[in-house]
Number of protein chains: 2
Amino acid sequence: MSTVTVMPTSLGGTRYKEVKEAMLAALTAQEWKGGEVIPSEKRLAERFGVSIGTLRKAIDELCAEKILIRHQGLGTFVAQHRRDRHFFRFFRVVRRDGERTYPAVTLVNFKKTKASALIAAKLGIESGARLFVFTNALALHGKVVVIDTVMLPEATFPDLTETMLRDRTDTLYNFYQDAFGINVTGTDERLRIARASELESELLKIDVASPVLEVERIAYSLNQKPVEYRLTRINTEEYEYIASKMKDGES
Amino acid sequence: MSTVTVMPTSLGGTRYKEVKEAMLAALTAQEWKGGEVIPSEKRLAERFGVSIGTLRKAIDELCAEKILIRHQGLGTFVAQHRRDRHFFRFFRVVRRDGERTYPAVTLVNFKKTKASALIAAKLGIESGARLFVFTNALALHGKVVVIDTVMLPEATFPDLTETMLRDRTDTLYNFYQDAFGINVTGTDERLRIARASELESELLKIDVASPVLEVERIAYSLNQKPVEYRLTRINTEEYEYIASKMKDGES
DNA sequence: AAGTGGTCTAGACCACTAC
DNA sequence: TAGTGGTCTAGACCACTTA
């Protein structure tokens with residue numbers, strides 16, 4: 001019976017919420033890592049001093065938030081970002097006929113800079129704090145359609161290098177998870193029309209200042225802290241942005 | 001013990017799923033209408049021949065899908081679309097500074113026509129089936145920013161008239177619910193850039209063929225049947241489309 | 001066969017609302 | 001005070017996975 005994880009019954013509302021918070025804390029502390037199995041429900045119920053039913057309610061919510069994944073007969077796992085799994089949860093560009101494909105990513109540039117007041121506010125960091133900024137060109141069906149400009153606080157991604165970004169073998173969010181223990185659990189996105197910059201128009205093979213769909217994204221970690229700021233620009237001549245919940249076959 | 005609502009234990013998977021389907025059927029049949037309270041959990045458990053826990057699990061899912069709403073001490077209610085409640089669940093246009101406001105709606109035109117093959121496919125009806133088409137201009141902060149063109153199958157909305165649309169006092173989806181018993185429970189949306197038509201440019205006070213954000217929406221009813229097809233066009237100079245889940249204060 | 005999560009039960013007690 | 005939903009329990013039994 002671990003004293004660290006026993007919870008007061010009086011604070012924070014209900015038992016299962018307390019259990020949920022304790023599990024989020026354990027996940028944030030990387031006690032269990034992406035893709036790993038967590039202890040059985042019986043063990044966790046003992047550890048937290050609650051009944052199985054209560055423990056299950058906490059896990060129910062974590063599964064609904066796609067932080068954990070249950071597999072009957074196997075166990076409960078820490079959700080992992082993978083190209084072949086939850087990729088289309090965050091990548092919402094599809095061809096107009098509905099055809100979905102994985103993008104071929106090319107790193108266009110990478111630099112270290114300092115956060116402007118605007119970016120700092122979005123990321124909840126101090127103005128002037130060190131920042132990584134890099135741009136990816138994403139090709140679908142052999143044609144560049146999407147340009148991502150990604151901004152990451154150095155404090156959250158220490159020692160990130162251009163080489164690490166080039167050598168990653170899976171998705172960006174999988175990389176954040178494996179290399180930095182950062183679990184992206186949700187995003188806020190706002191869409192509007194923008195005009196293609198010179199670099200963008202060149203990569204997208206459209207005229208300068210052509211209208212493109214801009215997506216401003218803030219990605220949040222397990223503890224609801226912003227960890228990534230991203231501006232995406234999409235050529236929607238043949239593709240579009242799909243906003244709704246995917247059906248079960250979201251994969 | 002009603003024989004109508006007793007369910008076979010063998011079919012359709014699990015007990016609570018069966019209960020959920022039976023409740024969806026009762027809602028579709030308008031046994032309980034929008035805004036009304038449904039029977040207590042104890043009564044429903046007796047009616048369906050399951051324990052309270054099982055009945056609760058069915059209701060849990062219906063609440064998660066925003067079909068029902070629980071109020072402790074009061075009862076469980078059929079969710080109702082209301083300007084002051086779930087309005088921003090489906091209206092996703094906000095000013096760039098984040099300010100949200102209710103649109104002032106003006107009905108621009110209304111006509112009866114027949115479904116093209118394309119529209120018919122989207123609505124799951126037969127090509128050439130009778131259709132209502134109407135256009136609304138939506139003003140935010142005193143300025144027209146959004147143009148909605150809405151298409152409704154006559155078979156689903158019999159005897160709809162222009163007057164009914166003008167005289168409605170709450171939201172469109174509230175009107176569908178009260179006047180036709182149609183509960184919109186979800187939408188699919190796709191976004192892309194389009195060019196303003198002559199009418200749109202006039203209403204939006206922008207040049208003809210200016211780029212506008214187009215949102216193509218299919219709205220689904222309780223039984224997952226498409227009930228509305230809508231093309232929205234947004235001037236994103238001062239406003240934007242917010243794609244992410246709202247926080248709890250979504251109202 | 002052993003271990004896992006999935007479902008279901010039959011209650012107890014608590015918190016909130018209305019009268 | 002009575003009735004509602006909200007939480008929690010301690011188990012039983014089922015279905016699935018691995019060995």
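Residue numbering restarts at 1 for every chain, and letters A, B, ... go by the order of the sequence lines.
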Colleague: Specify the separation, in whole Å, of atom CD of B:E46 and atom P of D:dT4.
Modeller: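 After rounding, the gap between these two atoms is 11 Å.
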Colleague: Students often get this wrong, so: under 4.0 angstrom with heavy atoms, is B:K57 touching a base, only sugar-phosphate, or nothing?
Modeller: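 If one applies the 4.0 Å heavy-atom cut-off, B:K57 turns out to touch the sugar-phosphate alone, with no base involved.
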Colleague: Do NZ/NE/NH1/NH2 and the carboxylate oxygens of A:K42 and A:E46 come within less than 4.0 Å?
Modeller: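 Salt bridge flag = yes for A:E46 with A:K42.
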Colleague: From the set D:dG5, D:dC8, C:dT9, return the single nucleotide nearest to any side-chain atom of A:T14.
Modeller: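 The listed nucleotide nearest to A:T14's side chain is D:dC8.
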Colleague: For B:R95, is the CZ atom crowded, meaning more than 12 foreign heavy atoms sit under 6.0 Å from it?
Modeller: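 Counting other residues, nucleotides and ligands, CZ of B:R95 exceeds 12 neighbours.
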Colleague: Please determine if a side-chain N or O atom of B:T76 lies less than 4.0 Å away from the OP1 or OP2 oxygen of D:dG5.
Modeller: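 For D:dG5, OP1 or OP2 has a side-chain N or O of B:T76 closer than 4.0 Å.
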Colleague: Rounded to the nearest angstrom, tell me the gap between atom CD in A:E41 and atom P in D:dT9.
Modeller: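 To the nearest whole Å, that distance equals 14 Å.
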Colleague: What is the distance, rounded to the nearest whole Å, between atom CD of A:E61 and atom C1' of D:dG6?
Modeller: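 That distance rounds to 13 Å.
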Colleague: For A:G73 and for B:K42, find the nucleotide of DNA chain D with the closest heavy atom, then tell me which residue's nucleotide is more 5'.
Modeller: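 The residue closer to the strand's 5' end, by nearest nucleotide, is B:K42.
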Colleague: Among the nucleotides D:dT4, C:dT4, D:dC8, which one has an atom lying closest to any side-chain atom of A:R15?
Modeller: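 Among D:dT4, C:dT4, D:dC8, the one nearest the side chain of A:R15 is D:dC8.
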Colleague: OP1 or OP2 of C:dT9 sitting under 4.0 Å from any side-chain N/O of B:T54?
Modeller: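 Yes, within the criterion.
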Colleague: What's the NZ-C1' distance between B:K17 and C:dT7, to the nearest Å?
Modeller: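 Taking NZ of B:K17 and C1' of C:dT7, I get 12 Å after rounding.
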Colleague: Compare the minimum distances between each of C:dT9, D:dA15, D:dT4 and the side chain of B:R43, then state the nucleotide with the smallest one.
Modeller: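 In terms of side-chain proximity for B:R43, the closest of C:dT9, D:dA15, D:dT4 is D:dT4.
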Colleague: Does one side chain, of A:Y173 or A:Q80, offer a donor that lies under 3.5 Å from an acceptor on the other?
Modeller: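 Checked: A:Y173/A:Q80 side chains show no N/O donor-acceptor pair below 3.5 Å.
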Colleague: Using the side chain to side chain contact (heavy atoms under 4.5 Å, CB included) rule, take B:I182 and B:T156 through it: C-alpha gap first, then chi angles, then the decisive distance, then the call.
Modeller: CA-CA 8 Å; B:I182 304 286; B:T156 314; 3.5 Å; yes
Colleague: In whole angstroms, how far is the P atom of C:dA2 from the CG atom of A:L74?
Modeller: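 Whole-Å distance recorded here is 19 Å.
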Colleague: Looking at A:R230 and A:E216, does any basic side-chain N land under 4.0 Å from a carboxylate oxygen?
Modeller: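 Result for this pair is no, no salt bridge flagged.
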Colleague: Could you say whether B:H71 or A:I52 is positioned toward the 5' end of DNA chain D, judged by the nucleotide with the nearest heavy atom to each?
Modeller: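 Counting from the 5' end, the first nearest nucleotide belongs to B:H71.
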Colleague: Could you tell me the separation between the CG atom of A:L68 and the P atom of C:dG5, rounded to a whole number of Å?
Modeller: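 The answer, rounded to whole Å, is 11 Å.
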Colleague: Rounded to whole angstrom units, what separation is found between the CZ atom of A:R56 and the P atom of C:dT4?
Modeller: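 Between P of C:dT4 and CZ of A:R56: 13 Å.
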Colleague: Specify the separation, in whole Å, of atom CD1 of A:I59 and atom P of C:dT4.
Modeller: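 These atoms are roughly 12 Å apart.
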Colleague: So, does A:S40 get its side chain near the phosphate of C:dG3, meaning an N or O under 4.0 Å from OP1 or OP2?
Modeller: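 A:S40 to C:dG3 OP1/OP2: no side-chain N or O under 4.0 Å.
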